[in-house]
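Naming: A, B, ... by sequence-line order, numbering from 1 per chain. Scope of the values below: all heavy atoms of this structure, side chains included, with no hydrogens, waters or symmetry mates.
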Amino acid sequence: MAKGFFTDTTVCIGCKACEVACKQWNQLPDDGFVFTGMSYDNTVHLGASTWRHVSFIERPVPLAGQITGYGQFSWLMMSDVCKHCVKAGCLEACPTGAIVRTEFESVFVQQDVCNGCGYCVVACPFGVIDRREDDGRAWKCTLCYDRQKEGLVPACAKACPTESIQFGELDELKSKARERVEQLHARGMTDAYLYGADAAGQPGTEGLNAFFLLVDEPQVYNLPPAPTAPNKKIRASWASMAGAAAALGVAAVASVLSGRLSR
Amino acid sequence: MTTVADMADGKIKGYFVMGENPTVGSMHGALQRKGLRQLEWLVVRDLSLVETAEFWRDAPEIERKEVAPEDIATEVFFFPCAAHTEKDGTFTNTQRLLQWHHKAVEPPGDARSELHFMFHLGRRLKDLYKDSTDAKDRPVQELAWDYPTKGPTGEPNAEAVLKEINGFFVADDQVVQSFTELKDDGSTATGCWAYSGCYAEGVNQTARKKPAGEQSWVAPEWGWAWPANRRILYNRASADPQGRPWSERKRYVWWNEDESRWEGHDAPDYIADRPPSYRPDEDARGIDTIAGTDPFMMQADGKGWLFAPSGLLDGPLPAHYEPQESVLENPLYRQQSNPARMEWKRRDNPYNRPFDDPRFPYVVTTYRLTEHHTAGGMSRWLSWLSELQPEMFCEVSPELARDRGLVNGEWATISTARGEIEARVLVTERMRPLKMKRRVIHQIGLPYHWGSKGLVKGDAANELISFVADPNTSIQESKALTANIAPGRRSR
């Protein structure tokens, strides 16, 4: 049964309850106490010890369909998480089989198998998975595999007070999400769209099991506009490598021939 | 504020501080600490050594060497306290709802509940006074202080205390069902009349947790609300003069013609059998003067009041006053500030000028962040919350940052007549300069959660704020005030 997250950023209030609930359930360490000066965001990005991260985006654009006293300004909040890609770069790159796909279709790192090689880190098109400095192993969101095994909702979704983070069966979530987009469009929020809801919209990952409703371009939320699993580029890579090899061969032969001719 | 001013004047010997941290969370930290320095003893009960418990060795005036710890005679007692998960009891929130919480784990080490502390303190006091023959000690000797205890630490039974607060008949110890059963002839006793009914039928009503799906949307069987488990006061106003719900969708209470009584999803806040058609006689007295169409039955005329000729100290109508310290002359009235406000005119509580103080040209307001809890005693010691908001900061507009040379992420010093603090600068368009009377007015936003203790530290915004209070409730009036801001760290 494929399960995942639908994160509707339009109802996120930036309370960070998801971040704290995630850290508490998974007993993750803090990221250090550093004031960044970037709005209310002091944990900055997802990493080995931050598996939910709330972005705060202050942008000089008003929210479509709303009239506020703020004029050319709006404050976007978005709770980011591992996307559990249908075609997961990290899983494909893992040489030890530590990263597996679970019965819930989520992407899970088996910590007792991971050898800390770090191939997954560079293979993730979102920069999600990361190695912990103290033990060298790679860590990321488990989609609360342990809670799911017990029939519980993941900690972040459970803690979310506005249902910005929804957990459930992906088919249901997707139809709910499409309805929500239509509803927002009808209200004048015409820039609302789904990010990663299916393979058609995001061929590089073949769709995300944790997808999002956004109201601005992905880059605004620090998300890649066209994320692609490295294996998707393999054909092109080998093709260009083969081309380069052939060209080198031709050049070598040509230089030998030209050398003989000139002798 | 009155108590702390009396403390600073040496009129008070001892002070109990339980689960509060006034040197960070209350206005004018310097005056708070001056008060603490004049005490003979101070008791602080908290989860960790908060700034109030450490005022004698870790405070701005000690850092500046204006006060030396060895000159402070106050004896400080610190008691570690049990968290809400480590004790039985109730929360009462501002919507009057009492919700029982059960102890999940034993408190660690010497940590004990406030109930434990108060009970055993009372028990020991009674023991100290038991042989006294002085008439003034009789109240202590006669005090009934015999709650059942349990467990190795002698924790009092919190339900027994709640039951006593509910009230009972003295003769047979049976609980009263509601405050209407209380008598003024000594036959009943209660801890607080408004809470009567919280233990009705001998059941802890505050511990009810019936799921939403098994009761009406008002959820009257979730916890218990004072008074009489009434969730909305004056709820007769949810029905029209004829007693029919104004909105079918939101029907709340209504007049049942067949049974000649008020009923609804909530306990009707009205005379149960008074029909909407009732009109008082000319010579009616007391509650009989309330017509069947008057929902506000605690008011003399049963009406909701905008014009309040009695009760309010600054009535009868709302008016616009500038705060104690403003950048502007009151644009609406000649009266600058609320004439009935409470001021503390003393050398240790200096005020900025009422308006146009050239030293303090900017508006400051203080507020909370979701990541921290008030004075920080429950959040600054937790890594998962501290990393989310790790430092004291001030929020300013790009325009003010440009005017004053403030740089995002660097330091600024904010000052008033009371003192100065330093904070990281957060430049944001959420702060907007205001245009008033052809002037541009800049605002500075200050969260107030930090102090000198905990995992994350910072100056407390309340160092800047004066003692001044609203006349009706004595609540802090200084939510908006004036200050100056400059780049760089404060003097040391």
In terms of heavy-atom contacts, E58(A) and E429(B) come closest through OE1-N, 4.0 Å
Within the supplied structure, the quantity of interest is the number of heavy atoms (other residues, nucleotides, ligands) at a distance under 6.0 Å from E133(A) CD; does it exceed 12?
no
Is it the side chain or the backbone of L28(A) that comes within 4.5 Å of chain B heavy atoms, both, or neither?
backbone
Toward chain B, the part of Q24(A) with a non-hydrogen atom under 4.5 Å:
both
For atom CZ of R59(A), is the number of surrounding heavy atoms from other residues, nucleotides or ligands below 6.0 Å larger than 12?
yes
Quick one: does R424(B)'s side chain have a donor or acceptor within less than 3.5 Å of a partner on F35(A)'s backbone?
no
Around K209(B), counting heavy atoms of other residues, nucleotides and ligands shown, do more than 12 lie under 6.0 Å from its NZ?
yes
So do F73(A) and R432(B) actually touch side chain to side chain, heavy atoms under 4.5 Å?
yes
For E106(B), salt bridge (charged side-chain N to carboxylate O under 4.0 Å, His left out) partners two or more places apart:
K103(B)
Hey, is CD1 on I67(A) packed in by over 12 heavy atoms from elsewhere, all under 6.0 Å?
no
Relative to chain B, which segment of V54(A) carries a heavy atom at a distance below 4.5 Å: side chain, backbone, both, or neither?
neither
So which of T370(B), T428(B), L369(B) actually passes side-chain contact (heavy atoms from CB on, under 4.5 Å) with Y40(A)?
L369(B)
Within a reach of under 6.0 Å around CG of D30(A), are more than 12 heavy atoms found that belong to other residues, nucleotides or ligands?
yes
Close contacts, residues 371-401 of chain B versus chain A, judged by heavy atoms under 4.5 Å
E371(B), S383(B), W384(B), L385(B), S386(B), E387(B), L388(B), Q389(B), P390(B), E391(B), F393(B), E395(B)
For K457(B), does the NZ atom have more than 12 heavy-atom neighbours from other residues, nucleotides or ligands under 6.0 Å away?
yes
Counting only heavy atoms not in E163(A), do more than 12 fall under 6.0 Å of its CD?
no
If you draw a 6.0 Å radius around CD in E150(A), do more than 12 non-hydrogen atoms from other residues or ligands fall strictly inside?
no
